Amino acid sequence: MNGLDAFPRSLALVERDGRVLSGCARSPYYPLVVKSGRGAVLEDVDGNRFIDFSAGAASLNTGTCHPRVVEAVTEQARSLLCYTIGYMYEESSVELAERLCAVTPGSFPKKVAYGLSGSDAIDGAVKFARAFTGRSEIISFRTAYHGSTYGALSASAISLNMRRGLGPMIPGFHVFPYPICARCPFGRREESCDLECLKDIEEAFRLYLPAEEVAAVLFEPIAGDAGLMIPPARYVRALADLCRREGILFVSDEVQQGFGRTGRWFAIEHFDVVPDIVVLGKAIASGMPLSALVMRSEIADALSDPGHIFTLAGGAVCCQAALATLDVIEEERLVERSRRLGDLIRERLAAMGETLPLLGDCRGLGLTIGQEIVDDNGNPDRDACTRVCFRCWQRGLVLTFLGDNVLRIQPPLIITEEEALKGLEILRLALEDYRAGSIGDEALRFARGWS
Ligand SMILES: Cc1ncc(COP(=O)(O)O)c(C=O)c1O
């Protein structure tokens, strides 16, 4: 186990960072300064090595610096970095759009619009939905996180710090309870559930929100930043049916869960729902800045130029990174691998939970796993979560948490079984340390965590 004296360069850099970078763009957990990485192993500026259970916030499904991606980027960089497709044309953006249309759910004609972040893609989904339907209102969900631009933020409802002092959001957004059964907002249990959360939307349609004025429902097929909560399939299907009946577009935000993360190409496929618009970001280009909307062609044709245009979006290097990413996911069978390793990790966590009561509910699909940390009374324990993540870092595991108490286990999909088990062993030791009361308050000095 490393004491803080094993991280001198890291600590010095964190201090420099604090003097010149705005703190609002980071929710830190510990002073990790990444210098390099390969696959599921990272190295910091002090030469310490870590197993990666975070994959750059689920943006590195192919791991850090996958050789195929690095080669594609390097090769492309030699001839053209980016020449705006806002005015001209370029082949890799077309090839990638063809591949994205083929791999996303739905066999109807589709088109793509590029951006640079998940947030701008969400803004785009709202624009396209409004333009296509001629309607203004947008439905999203409590605890949703869709991003940080004003549009994406207007659809998000998870953090007061993201709203405070920012003035009015964009009008026309309506937030409804996400179907989190473990904390059912209507006090139901599975046996007594009558999809009250869906009825809540229908009730709104009857009382104050005309359905014929609703353009789209923005839906996370797994509530990511809310703590990786999985909704019941019958809710998702009923929501999609409601959308279809009312002429409302169903938008699946796959920014965090897409590209094999959940053991399917896209998380919405677990629910047999075919969305009208799929929002892609993060892992699409293995860490290069790219996002994409893949949508029914007629929706894509509803906005006139230049209705959704960014100078550098869909640049050649990023598109080549994305093409290589798709190749790697297919050729290395990462979707299946995500399913298999996810099952293994959840199994091991369940076994650990038998001797460590700190481990509460564990849920997940593929390699998107939420492990709750609870106190002796079974209540969320943020303090324990903070200290355990800090100790994992000291012991060589990069792990973060969501909400008050959910360990966010989202390793790169290329992680080997051996690395995954080693990571779990580090987690077990950190939990033992916590139980023994040996994780000092220094853990709290660096950590804020996602709130
Ligand atoms: C579900 C979801 N949507 C959208 C976003 C925003 O993506 P970005 O941070 O690339 O703007 C995120 C980011 O965490 C996300 O998890």
Side-chain angles (χ1 to χ4, degrees), residues 22 24-29 54-61 113-127 129 138-159 161-163 173 175 178 180 216-231 236 250-262 266-268 270 275 277-294 308 310 312-314 318 321-322 325 364-370 400-403 406 408-410 449-451:
S22 165
C24 75
R26 181 185 298 114
S27 294
Y29 295 87
S54 171
S59 66
L60 300 170
N61 291 5
Y114 291 117
L116 297 145
S117 70
S119 304
D120 69 43
I122 291 289
D123 282 22
V126 172
K127 287 190 206 169
I138 303 291
I139 288 178
S140 64
F141 295 85
R142 200 173 298 154
T143 70
Y145 180 61
H146 292 292
S148 199
T149 54
Y150 264 103
L153 205 48
S154 302
S156 304
I158 192 168
S159 163
N161 282 356
M162 300 193 85
R163 289 283 183 112
F173 285 76
V175 174
Y178 192 88
I180 298 179
V217 165
L218 301 185
F219 189 71
E220 284 179 272
I222 292 180
D225 291 349
L228 298 165
M229 313 299 293
I230 304 168
V236 186
F250 188 101
V251 180
S252 184
D253 180 347
E254 299 276 348
V255 172
Q256 186 177 136
Q257 310 299 342
F259 292 98
R261 169 64 51 199
T262 66
F266 299 99
I268 196 68
H270 287 281
I277 302 179
V278 179
V279 187
L280 305 173
K282 284 195 194 262
I284 183 173
S286 294
M288 300 293 286
L290 184 70
S291 63
L293 293 163
V294 186
H308 191 62
F310 306 97
L312 299 180
C318 295
T325 300
L365 291 169
L367 282 172
T368 205
I369 298 168
T400 63
F401 66 92
L402 293 160
V406 184
R408 175 184 191 175
I409 302 176
Q410 292 180 320
W450 178 246
S451 59

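Indexing begins at 1, ligand by ligand and atom by atom, following the structure's order. None of the values given here were measured: they were computed from a predicted structure.
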*Could you list the atoms of ligand 1 found under 4.0 angstrom from a heavy atom of Gly147?*
6 (C)

*Tell me which protein heavy atom sits closest to atom 7 (O) of ligand 1, plus the residue, atom name and distance to 0.1 Å.*
Gly118 CA, 3.4 Å

*Of all residues at least two apart in sequence or in a different chain, which pass the ring-ring contact (aromatic ring centres under 6.0 Å, His included) check with His308?*
Phe128, Phe310

*Do you know the tightest heavy-atom contact between Ile277 and Ala125?*
CD1-O, 4.1 Å

_Suppose we screen for side-chain hydrogen bond (donor to acceptor under 3.5 Å, both in side chains). Which residues come up paired with Ser156, at least two apart in sequence or across chains?_
none

*At what distance is the nearest protein heavy atom to atom 3 (N) of ligand 1, and which residue and atom is it?*
Asp253 OD2, 2.7 Å

*Looking only at distance, does Ile122 have an N or O less than 3.5 Å from an N or O of ligand 1?*
no

*From atom 13 (C) of ligand 1, work out which of Lys282, His146, Glu254, Gln256 has a heavy atom at the shortest distance.*
Lys282

*Output yes when the distance from some N or O of ligand 1 to some N or O of Glu220 is under 3.5 Å, and no in every other case.*
no

*Using the side-chain hydrogen bond (donor to acceptor under 3.5 Å, both in side chains) rule, take Thr325 and Ser286 through it: C-alpha gap first, then chi angles, then the decisive distance, then the call.*
CA-CA 6 Å; Thr325 300; Ser286 294; 2.7 Å; yes

*When you measure from atom 15 (C) of ligand 1 to every protein heavy atom, which one gives the shortest distance, and what is it?*
Tyr145 O, 3.8 Å

*Are Arg408 and Asp225 close enough that some pair of their side-chain heavy atoms sits under 4.5 Å apart?*
yes

*asked:* If I take atom CG from residue Leu290 and atom OG from residue Ser117, how far apart are they, to the nearest 0.5 angstrom?
replied: 10.0 Å

*For ligand 1, which atoms sit closer than 4.0 Å to a heavy atom of Ser119?*
6 (C), 7 (O), 8 (P), 11 (O)

